[in-house]
> 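Pasting a structure below so you can have a look.
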Amino acid sequence: MHRSSRLPQGFEPNALSAALTRLRAEGREVLDLTVSNPTRCGFRYPEAEIRAALSSPGVLTYDPDPQGALAARVAIADHHGHGLRPEELLLTASTSEGYGLLFKLLGDPGDEVLVPSPSYPLFEWLARLEGLDARPVPSYFQDRWHLDLGALESAVSPRTRAVVVVNPNNPTGHFLTQAEWAGLTRLCARRNLALLVDEVFADYPLEPPVDRLASALLDPHPPCPVFLLSGLSKVAALPQLKLGWIAVRGPGALDHLEALAFLADQYLSVSAPVQAAAPRLLELAPILRQQILERARINLAALDEVLKGHPRLTRLPVEGGWTVLLRRPALDPDEACALRLLEATTTLIHPGSFFDLPGDGHLVLSLITEADRFHQGLSRIFPLL
Ligand SMILES: Cc1ncc(COP(=O)(O)O)c(C=O)c1O
């Protein structure tokens, strides 16, 4: 049987995943400092209210709208504010599905999208599965992270169709500045590119950057088409409910929405129950967001306290999001270091290389880990760094 060349050649786990599977099979308890699934982090969910939201009469009717139920879009528009209108929104089953729809909309096989590096490692595959190439363009760190507009401009080829940015970025926490936004939208307009802005973590600002762009929606009339992605996974800490969305602004927005609705109509993948529940779930979401922000602040403070006793180690500033980057002397490659820590201390951290951090010397920790586990994990791994 022929298999599409869009897929990987093999499905071998990397050394770290293989070691993790082996330890768990041996019954060893692993202290996971990479956990990004909020349902596993000891947060207090308003369970009765969530169950009630998922049991409304709307759950039993099917009246599909390819753009998504209007009441859900009204609630999402309200959540974002900045004058966003329900007709500028299209619902998806996840942010990842949103990327899939956008890559189908924007490119033909062999076309390219530019993605920031370091960043969320799924872009390469989300693009490849739609027949596109994701070309990484390095951002750089100097006191804070910066988008390299010059490098982006040079990376544009006749096949480039879009630029993807994550605001704030995962795992660097970098929020775009107003100046970066202006430069980026001008570049996209000049080179006839769409701009995809992933704002799944925008509700989680942490340390103060100067001139933060809190949301791309602050710009009501961008000079290029802007597609903003978000979803309940992070906004309401409910990844299991599978609801994401795309907001469209800029030239041709309503045309692009019509085309996206055509694409979504082929699947109609968003379930009626989650659409019916969305307005209530968004009302409940601040309860979770508050706990997550508090957890991230507590863990950052604990990390800073422990770092005082380890002058060889530092951390990068965290403008926003759920992760922190730890810097260490690169005595061994990051992946080897993560494997060494896992085997010696049964504590799991991610090597920077998983997110394309340049060179060695970066480890990635989740800030939503339960506070006592986070602290325990740090005291296990720091003596070995
Ligand atoms: C930057 C970014 N975008 C999108 C997603 C995926 O969100 P969803 O669960 O809505 O597909 C993640 C998940 O961690 C992410 O880090």
Side-chain angles (χ1 to χ4, degrees), residues 1-26 30 34 36-37 62 64 66-68 90-137 155 157-164 166 170 194 196 198 200 227 229 231-233 239-246 256 258-274 335 338-339 342 348 350-351 353-356:
M1 184 195 86
H2 175 76
R3 182 182 273 172
S4 165
S5 59
R6 287 178 300 220
L7 274 78
Q9 291 307 302
F11 298 97
E12 288 300 304
N14 59 47
L16 193 61
S17 305
L20 185 63
T21 307
R22 181 174 45 74
L23 286 172
R24 286 186 169 144
E26 289 167 9
V30 173
T34 70
S36 61
N37 175 351
Y62 188 46
Q67 223 177 313
L90 176 120
L91 306 191
T92 61
S94 64
T95 314
S96 291
E97 190 191 56
Y99 280 110
L101 293 179
L102 288 170
F103 291 154
K104 285 186 197 46
L105 174 79
L106 297 167
D108 289 311
D111 283 346
E112 295 170 356
V113 292
L114 304 183
V115 300
S117 163
S119 197
Y120 181 49
L122 214 59
F123 293 135
E124 182 192 343
W125 286 108
L126 289 172
R128 181 95 77 91
L129 294 174
E130 303 301 339
L132 309 188
D133 285 325
R135 281 194 65 184
V137 178
S157 81
R159 307 268 346 222
T160 309
R161 302 291 172 242
V163 177
V164 179
V166 183
N170 173 14
L196 276 52
D198 181 331
V200 295
F227 299 90
L229 298 105
L232 286 190
S233 289
Q240 74 278 31
L241 294 188
K242 309 305 295 176
L243 181 66
W245 52 85
I246 302 171
H256 304 321
E258 198 179 10
L260 280 171
F262 168 82
L263 285 166
D265 201 16
Q266 312 310 310
Y267 303 92
L268 293 174
S269 53
V270 191
S271 80
V274 78
E335 250 179 281
L339 195 57
L342 180 63
L348 179 67
H350 274 150
S353 51
F354 277 17
F355 298 85
D356 256 354

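A quick note: this is a predicted structure, and the numbers were derived from the prediction, not measured.
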> Checking E12 now: which residues fulfil salt bridge (charged side-chain N to carboxylate O under 4.0 Å, His left out) with it, not counting sequence neighbours?
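None.
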> Does any part of the side chain of V163, heavy atoms only, come nearer than 4.5 Å to the side chain of V137, both counted from C-beta?
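Contact flag for V137/V163 side chains = no.
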> With A162, which residues qualify under side chain to side chain contact (heavy atoms under 4.5 Å, CB included), at least two apart?
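Scan of A162 (side chain to side chain contact (heavy atoms under 4.5 Å, CB included), adjacent residues dropped) gives L106, V113, A194, L196.
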> Using a 3.5 Å distance criterion without hydrogens, assess whether the side chain of S271 forms a donor-acceptor pair with backbone atoms of V274.
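At least one qualifying donor-acceptor pair exists.
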> Identify the heavy atoms of F262 and Q266 that sit nearest to each other, and give their distance.
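For F262 and Q266, the tightest heavy-atom pair comes out as O-NE2, 2.8 Å.
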> Could you pull out all residues at least two apart from R159 that satisfy side-chain hydrogen bond (donor to acceptor under 3.5 Å, both in side chains)?
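Partners of R159 under the side-chain hydrogen bond (donor to acceptor under 3.5 Å, both in side chains) test: D111.
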> Stepwise, does the side-chain contact (heavy atoms from CB on, under 4.5 Å) test hold for L101 with T92?
CA-CA 9 Å; L101 293 179; T92 61; 3.8 Å; yes
> Using 0.5 Å steps for rounding, measure from the CG atom of N14 to the CZ atom of F354.
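The distance works out to 4.0 Å.
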> For the residue pair L243 and V270, establish whether any side-chain heavy-atom pair is separated by less than 4.5 Å.
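Contact flag for L243/V270 side chains = yes.
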> Which side-chain N or O atoms in residues 114-129 pair as donor and acceptor under 3.5 Å with protein atoms at least two apart or in another chain?
| unit_1 | atom_1 | unit_2 | atom_2 | d |
| --- | --- | --- | --- | --- |
| S119 | OG | N169 | OD1 | 3.0 |
| E124 | OE2 | R128 | NH2 | 3.4 |

> Can you list the residues that meet the side-chain hydrogen bond (donor to acceptor under 3.5 Å, both in side chains) rule with N37, with sequence neighbours excluded?
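T39.
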> Please name the pair of heavy atoms, one in P351 and one in L16, separated by the smallest distance, quoted to 0.1 Å.
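Result for this residue pair: CD-CD2, 3.8 Å.
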> Please find the pair of heavy atoms, one from R161 and one from G107, that lie closest to each other, and give the distance.
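Looks like CG-CA, 4.2 Å.
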> To the nearest 0.5 Å, tell me how far H350 NE2 sits from L348 CG.
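H350 atom NE2 to L348 atom CG measures 5.5 Å (nearest 0.5 Å).
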> Of all residues at least two apart in sequence or in a different chain, which pass the side chain to side chain contact (heavy atoms under 4.5 Å, CB included) check with P158?
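Scan of P158 (side chain to side chain contact (heavy atoms under 4.5 Å, CB included), adjacent residues dropped) gives none.
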> Could you check whether any side-chain heavy atom of L91 comes within less than 4.5 Å of a side-chain heavy atom of Q67, counting everything from C-beta outward?
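No, side chains not in contact.
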> Are the side chains of L260 and L102 in touch, meaning some heavy atoms are under 4.5 Å apart?
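They are in contact (side-chain heavy atoms under 4.5 Å apart), so the answer is yes.
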> Search all heavy atoms of P13 against all heavy atoms of S17 and return the closest pair with its distance.
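Shortest heavy-atom contact: CB-CB, 3.9 Å.
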> What distance separates L229 CG from W245 CH2, expressed to the nearest 0.5 Å?
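It is 11.0 Å, given to the nearest 0.5 Å.
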> Can you tell me if Q240 has over 12 outside heavy atoms packed within less than 6.0 Å of its CD?
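Above 12, so yes.
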> Apply side-chain hydrogen bond (donor to acceptor under 3.5 Å, both in side chains) to T21 and list each qualifying residue two or more places apart in sequence or on a separate chain.
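With neighbours one apart ignored, the set is empty.
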> Only counting residues at least two apart or in another chain, list the ones meeting side-chain hydrogen bond (donor to acceptor under 3.5 Å, both in side chains) with S5.
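side-chain hydrogen bond (donor to acceptor under 3.5 Å, both in side chains) check on S5 returns nothing, list empty.
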> Tell me which pairs pass side-chain hydrogen bond (donor to acceptor under 3.5 Å, both in side chains) where either residue lies in residues 95-104, with sequence neighbours left out.
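Applying side-chain hydrogen bond (donor to acceptor under 3.5 Å, both in side chains) to every pair that reaches into residues 95-104, excluding sequence neighbours, yields E97-S269, Y99-D198, K104-E130.
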> Who are the side chain to side chain contact (heavy atoms under 4.5 Å, CB included) partners of P66, not counting sequence neighbours?
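Expected list: A261, D265, L268.
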> Can you tell me how far apart CG (L241) and CG (L232) are? Round to the nearest 0.5 Å.
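One finds 6.5 Å between CG of L241 and CG of L232.
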> Checking E26 now: which residues fulfil side chain to side chain contact (heavy atoms under 4.5 Å, CB included) with it, not counting sequence neighbours?
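Side chain to side chain contact (heavy atoms under 4.5 Å, CB included) list for E26, sorted by chain: R22, L23, R28.
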